[in-house]
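Please read the structure below before turning to the comments.
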Amino acid sequence: MSHPISSAVPAAPAANGTAAPSLTCGIVAGPLFLAVWLAQALTRDGYDLTRHPLSLLSLGDLGWIQIANFVLCGSLFLALSAGLRRRLETGRGHRWAPILVGFHGVGLIVAGVFPTDPGAGFPEGAPAGAPVMSWHGMVHEFGFLIAQVAWFSAAVVFARRFSALGEKAWARLCAAAPVAVLLVLAVPHMDSLSPRIVLATAIEFALLTALARHHARR
């Protein structure tokens with residue numbers, strides 16, 4: 001009678017162990033994306049990080065690098081979603097938190113597969129002003145929208161989950177991050193919009209990195 005019981009006890013640790021590699025993917029996703037973006041921003045001819053959105057790097061002869069950057073980052077967040085699904089077995093938000101992180105990854109993949117339209121003089125020969133929206137440009141924006149809605153929703157779900165668990169510091173962090181992103185994007189100064197988008201993206205990825213590290217250590 002003791003054998004079935006003893007063989008069943010290690011099941012939970014084994015499930016948590018299989019989550020570790022996926023959670024590690026979530027730790028590296030954001031920093032890797034920003035590092036690849038910065039390397040391109042400093043080396044691509046004609047690209048000005050103070051006025052060109054990061055999505056414009058998907059265009060031109062070297063655009064495949066940023067496309068791969070989007071797709072890889074989104075795929076790593078999908079892996080994080082799988083890890084969270086294994087790790088968050090019970091409690092408030094244990095179903096929706098991984099799903100929303102996964103949708104964030106899907107949005108980034110869509111934004112990468114369907115590049116934005118040229119504009120603001122980049123790449124060379126592009127119109128100096130706003131781009132003319134194409135069908136793939138609209139799909140790109142839709143992917144960006146999916147990623148943003150999913151991230152904001154995930155932050156709220158995690159804030160509620162940590163609050164219910166009594167982890168007040170983490171609850172405050174998850175609640176403060178969306179407010180910080182909104183404040184960064186709400187500044188009424190269009191000439192600084194591109195670097196503010198990068199800063200908002202960094203805040204979003206920083207929260208996901210922190211959450212991945214937190215759950216990887218549990």
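In this text, all values refer to a predicted model and were calculated from it rather than measured experimentally.
- The aromatic ring centroids of Phe77 and Phe205 lie less than 6.0 Å from each other.
- For the residue pair Ala29 and Cys73, the shortest heavy atom distance occurs at O-SG, 3.8 Å.
- Using a 4.5 Å heavy-atom threshold, the side chains of Leu49 and Trp37 count as touching.
- Pro123 and Pro118 make their closest contact through CD-CB, 3.8 Å (heavy atoms, listed as atom of the first residue, atom of the second, distance).
- Contact record, Leu80 with Ala212: CD1-CB, 3.7 Å, taken as the closest heavy-atom pair.
- Trp135 and Leu145 fall into different hydrophobic clusters, where Ile, Leu, Val, Met, Phe, Trp and Tyr side chains are chained together by heavy-atom contacts under 4.5 Å.
- At least one side-chain heavy atom of Thr209 sits under 4.5 Å from a side-chain heavy atom of Pro31.
- Between the Asn69 side chain and the Val36 main chain, no donor and acceptor come within less than 3.5 Å of each other.
- Interatomic distance, CG of Leu56 versus CZ of Arg51, reported as 10.0 Å (0.5 Å rounding).
- With a 4.5 Å cut-off on side-chain heavy atoms, Arg85 and Arg95 do not count as touching.
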Show the numbers, then the answer: is there a side-chain contact (heavy atoms from CB on, under 4.5 Å) between Leu34 and Leu38?
CA-CA 6 Å; Leu34 292 172; Leu38 183 59; over 6 Å; no
Determine, stepwise, if the pair Glu167 / Arg161 fulfils side-chain contact (heavy atoms from CB on, under 4.5 Å).
CA-CA 9 Å; Glu167 300 185 45; Arg161 175 179 175 81; over 6 Å; no
Could you walk me through whether Phe152 and Val156 pass side-chain contact (heavy atoms from CB on, under 4.5 Å), step by step?
CA-CA 6 Å; Phe152 276 95; Val156 173; 5.8 Å; no
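- Atom OG of Ser163 sits about 10.0 Å away from atom CZ of Arg172, to the nearest 0.5 Å.
- Both Val181 and Leu193 belong to a common hydrophobic cluster when Ile, Leu, Val, Met, Phe, Trp and Tyr are linked at side-chain heavy-atom distances under 4.5 angstrom.
- Contact detail for Pro195 and Thr50: the closest heavy-atom pair is CD-O, 3.3 Å.
- One finds the NE2 atom of His94 at 8.5 Å from the CG atom of Leu88 (value rounded to the nearest 0.5 Å).
- Here the side chain of His136 pairs no donor or acceptor atom with the backbone of Phe114 at under 3.5 angstrom.
- Ring-plane geometry between His52 and Tyr47 is classed as tilted, the angle between the planes lying from 30 to 60 degrees on a 0 to 90 degree scale.
- For the pair Phe158/Val101, a side-chain contact is recorded, criterion being any heavy-atom separation below 4.5 Å from C-beta on.
- Put simply, the side chain of Val113 does not reach to within 4.5 Å of the side chain of Ile67, judged on heavy atoms.
- Of the possible donor and acceptor atoms, one in the side chain of His104 sits under 3.5 Å from a partner among the backbone N and O of Ala147.
- Taking each heavy atom of Ser81 and Ile99 in turn, the nearest pair found is OG-N, 4.3 Å.
- Here the two rings, on His214 and Phe162, have centers that are under 6.0 Å apart.
- Taking CZ of Arg196 as the start and CG of Asp191 as the end, the distance is 9.5 Å to the nearest 0.5 Å.
- Side-chain contact between Val157 and Arg160: absent, with no pair of heavy atoms (C-beta onward) separated by less than 4.5 Å.
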Could you go step by step and tell me if Leu62 and Gln40 meet the side-chain contact (heavy atoms from CB on, under 4.5 Å) rule?
CA-CA 9 Å; Leu62 296 176; Gln40 294 179 87; 5.6 Å; no
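- One hydrophobic cluster, built from ILVMFWY side chains closer than 4.5 Å, holds both Leu84 and Leu207.
- Between Phe70 and Ile109 there is no side-chain heavy-atom pair separated by less than 4.5 Å.
- To the nearest 0.5 angstrom, His140 atom NE2 is 10.5 Å from Ser134 atom OG.
- Residues Ala180 and Ile203 come closest through the heavy atom pair CB-CD1, 4.1 Å.
- No continuous path of ILVMFWY side-chain contacts below 4.5 Å connects Trp151 to Val71, so the two sit in separate hydrophobic clusters.
- Once rounded to the nearest 0.5 Å, the distance linking CG of Leu165 with CH2 of Trp170 reads 12.5 Å.
- Between Leu54 and Phe33 there is a side-chain heavy-atom pair separated by less than 4.5 Å.
- Under a hydrophobic clustering in which Ile, Leu, Val, Met, Phe, Trp and Tyr are joined whenever their side-chain heavy atoms come within less than 4.5 Å, directly or via other members, Val184 and Met190 fall into the same cluster.
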